[in-house]
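Here the structure is laid out as structure tokens; the discussion comes afterwards.
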There are 2 protein chains.
Amino acid sequence: MANARRSGFRRLGVDLTDRSTIMQVMTPSADTQTRILESARELIHARSYADVGVTAICEHAGVNKGSFYHFFPSKRDLTIAVLDTYYLEMKEQLLDRAFSSDIPPLQRLERLAVLIYEFQKEVADRAGHILGCPFGNLAVELSTQDEPIRRKVAEIFARLRADIRQTLEEAVETGAVQGIDVGATAEAMLAYFEGVMLMAKTRNDPDVLRQLLPALAQIRIAHPGD
Amino acid sequence: MANARRSGFRRLGVDLTDRSTIMQVMTPSADTQTRILESARELIHARSYADVGVTAICEHAGVNKGSFYHFFPSKRDLTIAVLDTYYLEMKEQLLDRAFSSDIPPLQRLERLAVLIYEFQKEVADRAGHILGCPFGNLAVELSTQDEPIRRKVAEIFARLRADIRQTLEEAVETGAVQGIDVGATAEAMLAYFEGVMLMAKTRNDPDVLRQLLPALAQIRIAHPGD
DNA sequence: TTGATAGTTGACCGGTCGGTCAAGTTATTG
DNA sequence: CAATAACTTGACCGACCGGTCAACTATCAA
């Protein structure tokens with residue numbers, strides 16, 4: 001997104017002369033931009049890329065179509081920006097919480113499983129449907145059609161894999177596991193996670209997550225030299 | 001598909017009076033119907049449900065739009081029929097081959113992994129892209145939008161799970177594994193399979209399959225009483 | 001041969017798609 | 001204050017969407 005724009009204030013229905021309520025980050029335009037982003041985030045996750053038109057995104061954001069194309073050159077570019085916001089949220093809400101060093105590495109993976117379950121359950125209660133993983137959803141729908149979006153998801157998957165891998169490396173250091181290919185195991189765990197989300201979405205049943213997600217921490221791929 | 005139609009012959013550029021070339025199954029209309037089905041199968045797997053229009057399916061099948069709606073009440077119904085043909089092909093080409101009893105149960109799962117790799121690799125070479133699992137693709141794209149299609153995929157997944165489960169039960173009987181929840185383990189294996197396909201599609205790299213699929217046979221979910 | 005049925009044809013429908021644009025308003029800068 | 005840049009507005013574009021339809025042809029049984 002490269003948020004080069006700054007300066008300016010943002011009204012939130014409060015007295016602008018009260019300096020304490022000033023939020024420096026968002027200009028009025030960034031506000032519109034943000035509303036478009038959040039609208040798209042919500043709608044695309046709940047439905048699909050193809051099913052959500054630019055018009056619908058604008059209506060839901062309370063913005064005119066012209067404004068949309070003032071901030072985003074295309075629906076594709078918007079989607080790539082949306083993917084970044086998805087990752088940011090996942091990082092803050094799930095990864096950082098699960099992977100803090102207060103418990104042993106493998107237990108952190110189990111905690112991640114619990115957090116994901118709770119998160120998906122909550123979203124499902126709101127949306128009336130299990131929505132699955134926003135990355136996996138877009139990857140499946142668009143990988144064969146839109147190369148930049150495919151690459152973006154692949155990039156995010158690589159980051160997630162790196163996070164899991166680091167946790168696995170700690171597990172190896174502490175002796176909790178041995179003889180595993182940490183890279184391949186991290187990838188396998190990510191794949192398993194995506195598959196479980198897919199199954200839960202298809203069955204539209206959060207219990208699938210409760211039943212299957214804990215096994216995430218038990219997946220192992222042996223070191224090539226074995 | 002409930003092929004209630006019969007009778008009539010089919011010309012293949014051969015003399016109709018030659019009784020030996022008669023194919024009783026396909027009427028001229030069933031031929032059109034089949035062409036539509038195969039066209040849709042190909043295009044939807046290679047692209048996506050939303051990206052492939054009825055017009056494109058008809059053009060690729062060499063059929064007029066009116067004929068399409070003579071045989072299928074809607075694009076959705078066509079897709080549900082397509083899902084059945086996908087399953088049939090998977091059953092014949094992969095499941096039946098992998099699960100024959102000439103080798104121990106767990107080895108059959110490993111053989112399935114190899115067959116899937118080879119199949120996907122071949123499709124990818126033709127299409128220029130890893131296309132992933134046709135069931136997973138449609139489930140992810142449409143589960144929140146189209147309930148009948150979601151149910152159809154869920155039904156097929158249930159069949160696949162039952163096939164895997166049966167193999168696992170044999171493995172339990174022969175003592176190759178013990179203390180596992182066969183139902184949950186079968187579901188987990190299916191989920192892992194779907195996840196691996198998703199990753200391979202996203203990375204557009206068949207090596208992902210070679211690296212991750214073999215671990216399918218090692219997934220275990222412990223029996224609830226443990 | 002006749003009447004019915006099955007299948008085919010392609011023009012046509014209203015609606016939506018992603019995207020454009022010229023004109024207008026608002027905010028910022030010097 | 002004037003000039004300029006940032007942003008907003010909504011009408012508009014051609015293309016395509018899933019689906020309909022009335023007219024036509026081929027096939028079939030009696």
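In what follows, chains are A, B, ... by sequence order, proteins preceding strands, each numbered from 1.
Under a cut-off of 6.0 angstrom, the local environment of CD in Gln166(B) is sparse, with at most 12 non-hydrogen atoms contributed by other residues, nucleotides or ligands.
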Could you give me the CA-CA distance, side-chain angles and deciding distance for Arg108(A) and Arg111(A), then say whether side-chain contact (heavy atoms from CB on, under 4.5 Å) is met? CA-CA 5 Å; Arg108(A) 293 173 214 161; Arg111(A) 181 165 58 188; 4.0 Å; yes

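Taking atom CD1 on Ile36(B) and atom P on dT9(C), their separation rounds to 11 Å, with Å as the unit. Following rounding to the nearest Å, Glu59(A) (CD) and dG10(D) (P) show an atom-to-atom distance of 12 Å. Atom CD in Gln145(A) sits roughly 15 Å away from atom P in dG18(C) (whole-Å rounding). One can place NE2 of His70(A) at 16 Å from C1' of dG10(D), the figure rounded to the nearest angstrom. Summarising the geometry, the separation between OH on Tyr69(A) and C1' on dT20(C) is reported as 9 Å, rounded to the nearest angstrom. Rounding to whole angstrom units, CZ of residue Phe72(A) and P of dC7(D) are separated by 12 Å.
The residue among Phe68(B) and Pro73(A) whose nearest nucleotide of DNA chain C is located toward the 5' end is Phe68(B).
Nearest heavy atoms, Ala188(A) versus Ile219(A): CB-CG2, 3.8 Å.
Taking the charged nitrogens against the carboxylate oxygens, Glu141(A) and Lys201(B) have no contact shorter than 4.0 Å, which rules out a salt bridge.
Note on Asn64(A): every side-chain N or O is 4.0 Å or more away from OP1 and OP2 of dT8(D). Thr32(B) has a side-chain polar atom (N or O) that falls below the 4.0 Å cut-off from OP1 or OP2 of dT8(C).
In terms of the side chain to side chain contact (heavy atoms under 4.5 Å, CB included) criterion, residue partners of Tyr86(A) (sequence neighbours excluded) are, by chain and number, Arg41(A), Ile44(A), His45(A), Val82(A), Leu83(A), Pro134(A), Phe135(A), Leu138(A).
The closest donor-acceptor contact from the side chain of Asp181(A) to the backbone of Ala184(A) lies under 3.5 Å.
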List, with names and distances, any nitrogen or oxygen atoms from the protein found under 3.5 Å away from nitrogen or oxygen atoms belonging to nucleotides 14-17 of chain D.
none

